[in-house]
Amino acid sequence: FAPPAGDDSSNAIGAAQLAHERKLPVLPLLFDTTSTGEQSGELVGGWSRAENAGTWTSGSQARIRLPELGGPAVVVLTGHPFLHEKCPSQELRFGDDNGEFAMVRLAEKRTGDLAIVLPTPPVGDLILNLPNACAPADVGLSTDQRKLAFRGAKISVLASDPEKLTKGP
């Protein structure tokens, strides 16, 4: 039996078998970073306590521990930036132990998805450098001294085909 032309189900079955043999996670993965979500240790540094609407970064760097992925992947962060007239934009610089590979500037007060293509394979934790993080106390909003940049509500890890992401269908 041969699959029909254009059917790559055998590749999917082969990838699933390889993932099982190497004990890799089955994608997509979803991490809920709200206070109602089950915290499983993926936020490993530079994050505040979980709140109802998500977890704020705290400081100039935050780390996300990802499992070994075994292939191309995209991380999607759902959340929103900390913005104020004295802190009009947030720059999120994404990297790993080999250095930075992506940068996003957020200047709108709205919740959205940030999709970041990971290098294959990422080396170590996913690192967010946050050079524009600012404290609510510094802009006159409250006495909160935490340096905030982004509040994440969920983190999704999706399998990706880099060719399709960069060149379209």
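All values below were derived from every heavy atom in this structure, side-chain atoms included, with hydrogens, water molecules and symmetry-related copies excluded. In this text the structure is predicted, and so the values were computed from the model without any measurement.
Distance CZ/Arg151 to OG1/Thr34: 10.5 Å, rounded to 0.5 Å. Note that CG of Leu92 is 6.5 Å distant from CZ of Phe150, once rounded to the nearest 0.5 Å. Taking CG of Leu141 as the start and CZ of Phe82 as the end, the distance is 5.0 Å to the nearest 0.5 Å. The CD atom of Glu91 sits 4.5 Å away from atom CZ of Arg105, with the distance rounded to the nearest 0.5 Å. The distance from atom CG of Leu130 to atom NZ of Lys147, rounded to the nearest 0.5 Å, is 12.5 Å. A distance of 13.0 Å separates NZ of Lys154 from CZ of Phe31, quoted to the nearest 0.5 Å.
Taken together through direct or relayed side-chain contacts under 4.5 Å among Ile, Leu, Val, Met, Phe, Trp and Tyr, Val139 and Leu148 form part of one hydrophobic cluster. Following chains of ILVMFWY side-chain contacts shorter than 4.5 Å, one cannot reach Ile64 starting from Ile127, and the two form parts of different hydrophobic clusters. Note on Leu43 and Leu66: same hydrophobic cluster, where clusters join Ile, Leu, Val, Met, Phe, Trp and Tyr whose side-chain heavy atoms are under 4.5 Å apart, directly or indirectly.
No option in Ile155, Val104, Asp113, Leu126 other than Ile155 meets the side-chain contact (heavy atoms from CB on, under 4.5 Å) test with Leu77.
With hydrogens and angles disregarded, no donor-acceptor distance shorter than 3.5 Å links the side chain of Thr57 to the backbone of Ala62. With Thr33 contributing its side chain and Ala153 its backbone, the two residues share a donor-acceptor pair below 3.5 Å.
When all heavy atoms are compared, the tightest approach of Leu83 to Lys109 is O-CE, 3.2 Å. Contact record, Gln90 with Cys134: NE2-SG, 4.1 Å, taken as the closest heavy-atom pair. When every heavy atom of Phe101 is checked against every heavy atom of Asp96, the shortest pair comes out as CE2-N, 3.6 Å. Between Asp32 and Glu42 the shortest heavy-atom distance is O-OE2, 4.5 Å. Of all the heavy atoms in Val74 and Ala115, the pair that sits closest is CG1-CB, 4.0 Å. Here the shortest heavy-atom pairing between Arg146 and Ser48 reads NH1-OG, 3.0 Å.
Using a 4.0 Å cut-off between charged side-chain N and carboxylate O, Asp125 and Arg65 make a salt bridge.
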